[in-house]
Amino acid sequence: MGIDLGGTKTAAALVAADGTLGVRAEAPTPAAEGPDAVLAVVAGLVARVAGETPIGGVGIGTAGIVDAAGRVISATETFTGWVGTDLVAGLSARLPRSVPIRVYNDVDAHLLGEAWCGAARGHSSVLMVAVGTGVGGALLIDGRLVRGAHGAAGEIGHVPAVGADGLRCPCGRYGHLEALAAGPSIARSYLLATGNSVDARGVLTLARRGDPDAAAVVRAAAVGLGRAIAGLVTTIDPSCVVIGGGVAEAGELWWRPLREAFRAELVAGFATPLVKAELGVAAAVLGAARGLFDDDEGALT
């Protein structure tokens with residue numbers, strides 16, 4: 001079973017060895033009520049989706065940075081008391097029988113899903129970038145998910161970025177990519193430029209209608225992201241970059257300057273493609289379940 005544990009809702013589905021999705025269900029995530037409430041909802045979804053079907057394991061993709069043992073080591077304030085939560089132990093205690101449980105960061109799970117059944121099929125080394133309420137990242141090298149020493153490998157959002165000087169990041173520091181390129185940051189930049197409070201979706205709509213301030217804000221966000229991705233591609237050398245998240249649905253107004261900035265910054269000889277994620281909300285569910293089909297955790301074979 002794959003589970004996508006998000007700040008607003010939690011989705012679960014049975015996943016076959018060929019990536020076919022079976023019975024699925026979702027429920028609101030009581031993120032503000034603390035870990036016990038959240039884990040109770042997850043356990044309830046496991047029981048509801050499994051029914052009488054014996055399952056071979058549960059994979060979870062969750063918001064926040066998690067270590068290989070399934071403990072949350074960093075998270076935003078969306079989840080009350082989430083840091084320090086041991087998802088493996090907490091869920092195991094709530095299930096009627098013992099099954100293997102694996103926990104991934106949500107963008108790691110998205111990457112595994114896209115590499116298995118989506119936009120990165122056939123690629124063994126992939127950088128995933130998710131641009132929505134934040135900017136997240138994940139990394140697959142030689143067919144293996146790379147977690148890093150702190151579970152944060154590939155996290156692109158908190159690298160210093162050209163164009164982000166003086167902008168405060170949600171992490172509390174200044175000049176990070178997330179402060180420039182995330183959805184709320186696009187809205188904030190438009191507010192600073194015009195004095196008008198509009199959400200990111202509204203800014204994108206205004207840009208399509210010819211608002212020059214909105215177009216400039218969207219372009220700056222896309223260019224900053226494209227340059228940052230180029231730097232990582234030069235360092236990591238993946239065979240493709242997959243870009244997902246709500247902002248990636250913005251259309252050519254955002255994609256064109258992103259690609260142009262990426263190509264202009266990339267060193268000669270690289271032809272790394274930027275591709276749009278294909279699986280949408282199913283990606284994290286599939287990716288969370290994927291590792292349970294291998295003895296070698298994190299490997300795509």
Side-chain angles (χ1 to χ4, degrees), residues 2 4 6 11 19 21 61 104-141 145 154-157 159 161 177-178 180-186 199-201 203-205 207-208 215 217-234 236-266 270-288 290 300:
D4 180 10
L21 289 174
Y104 304 92
N105 162 264
D106 52 1
V107 184
D108 286 349
H110 271 84
L111 168 57
L112 290 172
E114 292 288 345
W116 186 19
C117 302
R121 286 185 306 270
H123 292 270
S124 62
S125 294
V126 183
L127 172 66
M128 172 92 194
V129 178
V131 191
T133 55
V135 178
L139 189 59
L140 191 76
I141 297 292
L145 178 69
E155 287 290 355
I156 189 176
V159 299
L177 180 62
E178 188 166 305
L180 174 68
S185 302
I186 290 172
D199 65 14
R201 190 184 301 273
V203 175
L204 290 164
T205 299
R208 292 189 197 98
V217 165
V218 172
R219 178 174 178 79
V223 167
L225 180 64
R227 297 187 71 178
I229 293 173
L232 285 179
V233 165
T234 305
I236 299 165
D237 193 19
S239 58
C240 79
V241 179
V242 178
I243 303 179
V247 176
E249 301 298 324
E252 281 302 300
L253 187 75
W254 181 82
W255 275 95
R256 185 179 300 110
L258 171 71
R259 291 192 182 102
E260 289 172 352
F262 174 72
R263 294 296 171 205
E265 196 73 33
L266 205 59
F270 280 69
T272 311
L274 298 182
V275 297
K276 185 179 176 184
E278 294 178 357
L279 300 177
V281 295
V285 169
L286 286 164
R290 178 63 181 87
L300 291 178

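All of these numbers come straight from a predicted model, not from anything done at the bench.
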Heavy atoms only: give me the nearest Ala200-Gly183 pair and the separation to one decimal. CB-O, 3.2 Å
Scanning both residues in full, the closest heavy-atom pair of Ala271 with Arg263 reads C-NH1, 4.0 Å
What residues form a salt bridge (Lys or Arg N to Asp or Glu O under 4.0 Å) with Arg259, not counting sequence neighbours? Glu252
I'd like to know whether Ser125 forms a side chain to side chain contact (heavy atoms under 4.5 Å, CB included) with Asp237, so could you lay out the CA-CA distance, the side-chain angles of the two residues, the decisive distance to 0.1 Å, and finally the verdict. CA-CA 8 Å; Ser125 294; Asp237 193 19; over 6 Å; no
Rounded to the nearest 0.5 Å, the NZ atom of Lys276 sits from the CD atom of Glu249 at a distance of 3.5 Å
Supply the atom-to-atom distance Leu204 CG to Asp199 CG, rounded to the nearest 0.5 angstrom. 9.0 Å
Closest heavy-atom pair, Ala138 versus Asp108, reported as atoms and distance to 0.1 Å, is CB-OD1, 3.1 Å
Exercise: identify the closest heavy-atom pair between Thr272 and Phe262: O-CE2, 3.4 Å
Search all heavy atoms of Ser239 against all heavy atoms of Ser124 and return the closest pair with its distance. OG-N, 4.3 Å
Between Leu180 and Leu225, is a side chain to side chain contact (heavy atoms under 4.5 Å, CB included) present by the stated rule, with each step listed? CA-CA 8 Å; Leu180 174 68; Leu225 180 64; over 6 Å; no
Inter-residue atom distance Leu112.CG - Met128.CE, 0.5 Å rounding: 10.5 Å
Rounded to the nearest 0.5 angstrom, the OH-CG distance for Tyr104 and Leu111 is 11.0 Å
To the nearest 0.5 Å, tell me how far Leu286 CG sits from Leu21 CG. 4.5 Å
With a cut-off of 3.5 Å and sequence neighbours excluded, list every side-chain donor-acceptor pair involving residues 240-248.
none

Could you check whether atom CZ of Arg208 has more than 12 heavy atoms from other residues, nucleotides or ligands sitting under 6.0 Å from it? yes
Distance check, rounded to the nearest 0.5 Å: Thr234 atom OG1 versus Phe270 atom CZ? 5.0 Å
Would you say His123 and Glu114 make side-chain contact, with heavy atoms under 4.5 Å? no
Evaluate the side chain to side chain contact (heavy atoms under 4.5 Å, CB included) criterion for residues Glu178 and Glu155: first the C-alpha distance (whole Å), next the side-chain angles of each, then the deciding distance (0.1 Å), finally the verdict. CA-CA 10 Å; Glu178 188 166 305; Glu155 287 290 355; over 6 Å; no
Kindly indicate whether the side chain of Leu266, heavy atoms from C-beta on, has any atom under 4.5 Å from the side chain of Ile229. no
Residues in salt bridge (Lys or Arg N to Asp or Glu O under 4.0 Å) contact with Arg121, at least two apart in sequence or another chain: Glu278
Of all the heavy-atom pairs spanning Ala288 and Gly2, show the shortest one and how long it is. CB-CA, 4.4 Å
